[in-house]
Each structure stands twice: as C-alpha cells, then as structure tokens.
Amino acid sequence: MNQFKKTYLAFIGGSGLYDLPGIQNLKEEDISTPFGSPSDKIITGEIDGKPIAFIPRHGKGHRFTPSEVNYRANIYALKKLGVTHIVSVSAVGGLQENTAPGTAVIPTQIIDKTTYIRERSFFGSGVVGHISFADPYCTDLQKYISKACEQEKVTTHMGGALVCIEGPRFSSRAESHSFRKEGAVIIGMTAMPEAILAREAEIAYATLAFVTDYDCWKEETEPVTVEAVLAVLKKNVEASKRIALAIHKHLPLESKNHIFNAAEFAIMTDKSLIPTETKRKLDILYGKYWK
Ligand SMILES: CSC[C@H]1O[C@H](OP(=O)(O)O)[C@H](O)[C@@H]1O
Ligand SMILES: Nc1ncnc2[nH]cnc12
C-alpha cells in the first residue's frame, strides 16, 4: 500500500499570510465539500511544473475567528484537489526565553486546550475510526521546512510542544505560566483540530510557526496585544513567503509516506454497516478501503 505518489504541496496561511507570490497558471477555485465551505477560494497553480495550492486559514481579510474556521472543509477541499502535503503557517506566542519574537519554531508536539465545539473529526455518522496521533507532525516534511529556514537565514528552533488554546482572547498570566510548566514552548489558537484532520485525511502535515510575542508570562515585557503581533508579523510575512517557496522547490516530485495510509487500520466499523450516505460523504478520504 505504501507506494510513491505525485507530490502536491499546499500551504495554509495563518495570520498575516493571505497569498503567495510566483504561482504560475494561477486559478482561484471554489471547492464544495460535504462539510460546508472552506475559509476562502483555494489558489491553485504551479511553480516550475510542480503543483502548489494555498488557502488563507481565516479567509482573505481575516474574517473567521480560530473557533469559526471550518477546518474540516479546508482539509477536505485540499484532499479533493489531490494535495499530499500541507505546511501550515502560524503566528504564535513564545513561552520560553529562546522562542523569542522574530524566531521560527517547527513544533513536534501539540497540547490541545481548545474548549469550544470545533468539529474535530471526519469520523461519526455511522463510521468509527481512531487515528494514531502520538506524533502529530510529519517528520519528513519538517526536515524540508528546517532546510528552507536555514537557507533563508531565519533563526529556527526544531522541536517542542505547541499549546493550542481556544481564544480568541489571549491567555491570563496564570494560564501562561501553567502552559510553561507543562512544557509548551509556543502558544497558538489554530493547530487543533487542523493537525488531526490532516492526519485523518492521510495528508502529511507540519507547521512553520513564527513567534510574534512572549504571551504574558515575562514580567519585564508587556502582555501580548494584536498591535504588537501585527508589528512583528509585518517583518515575518516576507520571510515566510520565501521559506514557503523554498520548501516547495526542495520537496521531491514523488513521495512515499506512512501517513498516506494512516487510516488503513484505524476504522473499526464493519464495512457492511456503514450508512451509504456516510460512505458517499467520505469516499474521497476512505473509499479506497471500502471497495
Ligand atoms: C493575531 S494573534 C492571534 C491569531 O494568530 C494566530 O493565527 P494563525 O495560527 O492562523 O496564524 C493565532 O492562532 C490566532 O488565531
Ligand atoms: N500569545 C499568543 N497566544 C495565542 N496565539 C497567539 N498567536 C500569536 N501570539 C499568540
């Protein structure tokens, strides 16, 4: 089952990143999904003959809160296009001295503190599946991100846990200290359920996080505000665009990855008992296992 596939890389742009330069044969695609509408039209095209896609997570003009983003529709739409890899770009707060504003982090773990009902699985409606999430990110893709950051001379920390809060408010000081004690190195609001849905959709996924602030744990620094985040974001956005293009350039034309079959042994429901409507809805994701 673990065979080579033609690589198709997509970027999910976070706060401040609403487009990518240099895409040839650019189209803006309105993709419909059984889970509703994605955050925006998906930009598709190619660079040097290799396909590329881009979607702004919060929509153009930043219209959806982290709780309102339709993560399922975004991931499903990318799967429908044939995307094999996703690099998610995120603005985050730094929870350690060395994860300072202006640096980049490639997290290797996630601590989920979201509380509001975000739809967080493609399973349900008569089909039960349990995906392994021990290692939420694709280590192979992380190497390409790291190489691109190095090439673009951005100080980058590989590893550590991202704590994902519900937001949209920022944390209290007590929360910020407690996340530090739990071992988190950065804080954001959108990693979950995006990462789990990518895994359920068997798409290799990794995050390039740009630190914009020290949240509110550091006594000598002002607590985070949108104003402060935007000031740092401005500087980070151009670097994140260059890094994105470098990752795209270096990813091989074809790839093999155990994540492409992540759901193979995850589904517990007897095939014959899965409702036809659910099978139809999930055909793009799991139809290959139900033939
Ligand atoms: C303006 S800071 C808070 C906002 O920025 C991050 O978004 P994204 O992960 O899409 O870059 C953070 O998660 C919050 O949504
Ligand atoms: N301090 C912070 N908390 C949560 N999300 C963020 N995104 C950028 N900075 C953040």
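Note that ligands are numbered from 1 as they come in the structure, with each ligand's atoms numbered from 1 the same way.
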Legend entry - Nearest non-hydrogen partners of Lys79 and Ala201, listed with the distance: NZ-O, 2.7 Å

Legend entry - Thr190 and ligand 1 - part of the residue with a heavy-atom distance under 4.0 Å: both

Inset, instruction - Would you give the length of the straight line joining atom CE of Met189 to atom CG of Leu162, rounded to the nearest 0.5 angstrom? - result: 11.5 Å

Legend entry - Pairs involving residues 148-200, ordered by first then second residue, that meet ring pair (Phe, Tyr, Trp, His ring centres under 6.0 Å) (sequence neighbours left out): none

Inset, instruction - Provide the number and element of each atom of ligand 1 under 4.0 Å from a heavy atom of Arg57. - result: 8 (P), 9 (O), 10 (O), 11 (O)

Legend entry - Proximal ligand 1 atoms for His58, defined as those under 4.0 Å from one of its heavy atoms: 7 (O), 8 (P), 10 (O), 15 (O)

Inset, instruction - Indicate the atoms forming the closest heavy-atom contact of Leu251 with Lys50, along with that distance. - result: O-NZ, 2.6 Å

Inset, instruction - Scan for ring pair (Phe, Tyr, Trp, His ring centres under 6.0 Å) pairs involving residues 232-255, sequence neighbours excluded, and state none if there are none. - result: none

For a distance cut-off of 3.5 Å, show me each N or O of ligand 2 paired with any protein N or O, plus the separation.
| unit_1 | atom_1 | unit_2 | atom_2 | d |
| --- | --- | --- | --- | --- |
| ligand 2 | 1 (N) | Asp213 | OD1 | 2.8 |
| ligand 2 | 1 (N) | Asp215 | OD1 | 2.8 |
| ligand 2 | 7 (N) | Ala91 | O | 3.0 |
| ligand 2 | 9 (N) | Gly93 | N | 3.3 |
| ligand 2 | 9 (N) | Asp213 | OD2 | 2.6 |

Legend entry - side chain to side chain contact (heavy atoms under 4.5 Å, CB included) partner of Phe11, the single match among Leu17, Leu208, Leu78, Leu20: Leu20

Inset, instruction - Hey, can you tell me if Tyr214 and Trp217 have their rings parallel, tilted or perpendicular (30° and 60° cut-offs)? - result: perpendicular

Legend entry - Residue Pro66 vicinity, atoms of ligand 1 by number, heavy atom under 4.0 Å: 15 (O)

Legend entry - Nitrogen or oxygen atoms of Met189 and ligand 1 under 3.5 Å apart: yes

Inset, instruction - Name all pairs fulfilling the side-chain hydrogen bond (donor to acceptor under 3.5 Å, both in side chains) condition that reach into residues 181-193, sequence neighbours left out, sorted by first residue then second. - result: Ser90-Thr190, Lys113-Glu182

Legend entry - Nearest-0.5 Å distance, CZ of residue Arg57 to CD1 of residue Ile55: 10.0 Å

Inset, instruction - Pick whichever of Gly16, Cys164, Gly14, Ser15 has a heavy atom sitting closest to atom 5 (O) of ligand 1. - result: Ser15

Legend entry - Atom indices of ligand 1 within 4.0 angstrom of Val229 heavy atoms, with elements: 1 (C), 2 (S)

Legend entry - Near-ring test Phe122/Phe35, centroid separation under 6.0 angstrom: yes

Inset, instruction - Tell me which one of Ser90, Ser39, Ala91 gets a heavy atom nearest to atom 12 (C) of ligand 1. - result: Ala91

